[in-house]
Amino acid sequence: MSSTDKIVKDGLYYSSARYLSEFAFVIRGIVAAKLLGPSAYGLWAMLKTYIKMSEFASGGTANAMYRQVPLKIGERKNDEVHRIQESTFSFGFIVSAVVCGITLLASFLTKNPLLLQLAAVIFLARNIHFFLIFRLKSEKKIELVAKYELADAVLNTFLTIVLMLFFGLKGLVIGTLVTSVGLIIFMASRGYLRFRIRLDREKTVWLLKLGFPIMILALSGFFMYNIDKIAIFFVLGSTMTGYYSLASFFSNIVGYIPLTVSTVLIPRMMFDLGKTRDRQSLVPYYLKPLGLLSMLVPRLMGGLYLIVELPIALLLPKYGPAIPVLKILLPGLVFVTMLSIPQNILIALEKQTRLMVMLIGLLIVGLALDLAVLKAGFGIYGVAAVTTTLYFTASLVFNIYATRSLSIPSSRIVTFYLPTLYVAFAVAVSMYWDSVAVQLVTYAVLTAPLLKIIDNRYQMIDLLRRLSKSPPPKTSEKAIAPGRPE
């Protein structure tokens with residue numbers, strides 16, 4: 001199987017598992033929204049934001065490991081791989097344990113101490129969870145990562161729904177805790193994770209120097225995707241946060257498209273760079289994926305824009321204010337898919353410090369605009385408009401920087417945005433009709449040429465036909481434990 005076929009096959013395998021996982025979380029999200037109501041759902045959104053920050057407790061060592069392990073494997077430095085993994089696990093565990101302890105103490109100052117105490121323990125468990133995922137991805141064990149994440153999603157959804165029926169929001173939090181701890185214990189029992197706290201000071205400092213800017217960059221991106229909800233929570237309260245979070249929840253599902261692509265491309269990209277030390281080897285990893293996504297994702301977003309009212313109106317009638325928010329956010333998700341690929345390229349070229357400065361600047365501007373529109377009385381709709389504008393600006397700035405770094409004419413960027421303009425035109429024409437069915441048929445006819453262009457340029461039908469005849473990707477059943485040679 002060629003390298004391109006292997007990349008696409010891993011991508012299809014992982015994306016299939018990822019979207020099955022997201023389907024499970026969609027079910028959980030809908031049930032949670034219906035059972036909890038807007039106010040409690042908004043509170044859960046804030047707890048979830050805190051828990052997700054456990055990914056950054058490694059201080060950037062996990063981000064450095066994710067990129068350096070495939071690089072060191074490409075350079076055939078296997079001893080370095082084990083030292084990197086061991087130091088990353090140890091440092092992240094110590095930091096997350098400290099954060100957990102501080103949160104437990106702070107919980108006694110809140111109105112709901114039990115919820116924050118449970119979230120603190122989940123924070124520690126999810127840090128281990130993220131280490132495991134980073135490590136397996138860096139070793140290109142995509143099939144194992146897919147199975148692990150799918151098991152996490154299915155078990156979490158089932159358990160939390162059952163517990164929510166009896167305990168409400170507390171049941172949702174308890175179910176998340178039990179699932180996280182249970183899967184970690186299972187993976188450890190199968191030899192995929194070793195609980196050794198053994199810091200290599202020299203290696204840890206090196207990882208921090210390399211990974212801290214990447215972590216700050218990722219943390220800035222995390223806040224860029226969540227600062228809108230945080231601003232709404234502190235200005236308008238948990239109920240409005242619940243409305244906005246539901247819209248953000250549905251729109252963010254699309255964000256897993258670039259995540260899937262990055263999961264497959266980054267280890268291979270760094271492996272090739274480690275072998276050749278030639279930045280031009282990264283050009284195909286930039287142009288081809290971004291070109292494909294720039295035509296595929298807008299068409300998907302346009303179709304969702306036309307039908308998005310139906311599921312919310314039928315399943316969650318109490319969340320009517322979320323519909324206009326979702327319609328404003330959906331176009332912004334097109335630009336999110338065009339943001340991650342140039343970001344990964346620039347990190348591979350070790351330009352993460354400049355990226356960090358640019359992203360922090362965008363974040364500060366975004367927060368200021370969010371607070372301004374809230375003060376002006378535009379509410380959650382104004383915040384959604386600011387968020388979409390922020391996504392577009394970030395994608396444009398990052399793509400300009402990436403093309404210049406790879407010596408690609410900046411005019412190529414225009415071709416990435418043209419499909420979005422065409423899809424916007426197709427949506428506008430389709431909305432002339434009152435019937436949703438007629439709108440969808442009109443939209444499908446108008447955007448059919450995009451699929452033809454995709455197939456002609458990327459030979460997707462022929463590629464899928466070849467992949468269907470090849471064996472599935474194999475994953476070594478033996479994990480590399482920290483500090484232990486394979």
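Stacking of Lys203 on the aromatic ring of Trp206 is recorded, both the 6.0 Å distance cut-off and the 45° axial limit being met. The cationic atom of Lys229 (NZ for Lys, CZ for Arg) does not lie both less than 6.0 Å from the six-membered ring centre of Tyr244 and within 45° of the ring axis.
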Exercise. Going through the distances and angles, do Leu363 and Leu367 end up as a side chain to side chain contact (heavy atoms under 4.5 Å, CB included)?
Worked result: CA-CA 6 Å; Leu363 179 62; Leu367 177 59; 5.6 Å; no

Exercise. Passes salt bridge (charged side-chain N to carboxylate O under 4.0 Å, His left out), Asp152 versus Lys147? Steps please.
Worked result: CA-CA 9 Å; Asp152 179 53; Lys147 291 178 179 178; over 6 Å; no

Exercise. Does the side chain to side chain contact (heavy atoms under 4.5 Å, CB included) test come out yes or no for Tyr391 and Met338, once each step is laid out?
Worked result: CA-CA 9 Å; Tyr391 291 165; Met338 300 171 65; over 6 Å; no

For this session: Kindly indicate, with the supporting measurements, whether the criterion side chain to side chain contact (heavy atoms under 4.5 Å, CB included) is fulfilled by Phe223 and Met53.
Result: CA-CA 10 Å; Phe223 277 115; Met53 290 185 67; 3.9 Å; yes

For this session: List the steps, then state whether side chain to side chain contact (heavy atoms under 4.5 Å, CB included) holds for Leu183 with His129.
Result: CA-CA 9 Å; Leu183 280 175; His129 163 88; over 6 Å; no

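Using a distance-only test at 3.5 Å, with no hydrogens or angles considered, no donor-acceptor pair links the side chain of Ser90 to the main chain of Ser87. Side chain of Tyr319 to backbone of Ala33: a donor-acceptor contact under 3.5 angstrom is found. Listed for the Asn226 side chain is no donor-acceptor partner under 3.5 Å among the backbone atoms of Thr49. In this structure, the side chain of Tyr443 engages the main chain of Arg299 through a donor-acceptor pair within 3.5 Å. Put simply, the side chain of Thr241 never gets that close to the backbone of Gly42: no donor and acceptor are under 3.5 Å apart. A distance-only check finds no donor-acceptor pair linking the side chain of Thr110 to the backbone of Ala106 [under 3.5 Å]. Judged by distance alone, with hydrogens and angles left aside, the side-chain atoms of Ser58 form no donor-acceptor pair with the main-chain N or O of Gly92 at under 3.5 Å. When atom types are taken as modelled, the side chain of Thr88 and the backbone of Ala62 share no donor-acceptor pair closer than 3.5 angstrom.
Residues Tyr41 and Thr239 have side chains that never bring a donor and an acceptor to within less than 3.5 angstrom of each other. Looking only at atom types and distance, the side chain of Ser107 has a donor-acceptor partner in the side chain of Gln117 under 3.5 Å away. When only modelled atom types and interatomic distance are considered, Ser39 and Ser238 share a side-chain donor-acceptor pair under 3.5 Å.
The CZ atom of Phe212 sits 13.5 Å away from atom NZ of Lys209, with the distance rounded to the nearest 0.5 Å. Rounded to the nearest 0.5 angstrom, Tyr243 OH and Leu316 CG are separated by 11.5 Å. Residue Asp370 holds its CG atom at 7.5 Å from CD1 of Ile232, rounded to the nearest 0.5 Å. The OG atom of Ser21 sits 4.5 Å away from atom CG of Leu150, with the distance rounded to the nearest 0.5 Å. Between Leu116 atom CG and Phe108 atom CZ the span is 10.0 Å, to the nearest 0.5 Å.
Shown here is Lys318, whose NZ atom has no more than 12 heavy atoms of other residues, nucleotides or ligands within 6.0 Å.
For Phe335, the ring pair (Phe, Tyr, Trp, His ring centres under 6.0 Å) test picks out Phe392, with sequence neighbours left out. Considering only residues two or more places apart in sequence or on other chains, Phe123 meets the ring pair (Phe, Tyr, Trp, His ring centres under 6.0 Å) condition with Tyr50.
Partner of Ile51 under the side-chain contact (heavy atoms from CB on, under 4.5 Å) criterion, chosen from Asn127, Ile122, Leu177, Val173: Ile122.
At a threshold of 4.5 Å between non-hydrogen side-chain atoms, the residues Phe23 and Ile27 count as touching.
Scanning both residues, Leu374 and Ala231, for their nearest heavy atoms gives CD1-O, 3.9 Å.
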Give the table of side-chain donor-acceptor pairs shorter than 3.5 Å for residues 154-166, with sequence neighbours excluded, one pair per line with atom names and distance.
unit_1	atom_1	unit_2	atom_2	d
Asn156	OD1	Arg28	NH1	2.7
Thr157	OG1	Ala24	O	3.1
Thr157	OG1	Ala153	O	2.8
Thr160	OG1	Asn156	O	2.6
Thr160	OG1	Thr157	O	3.2

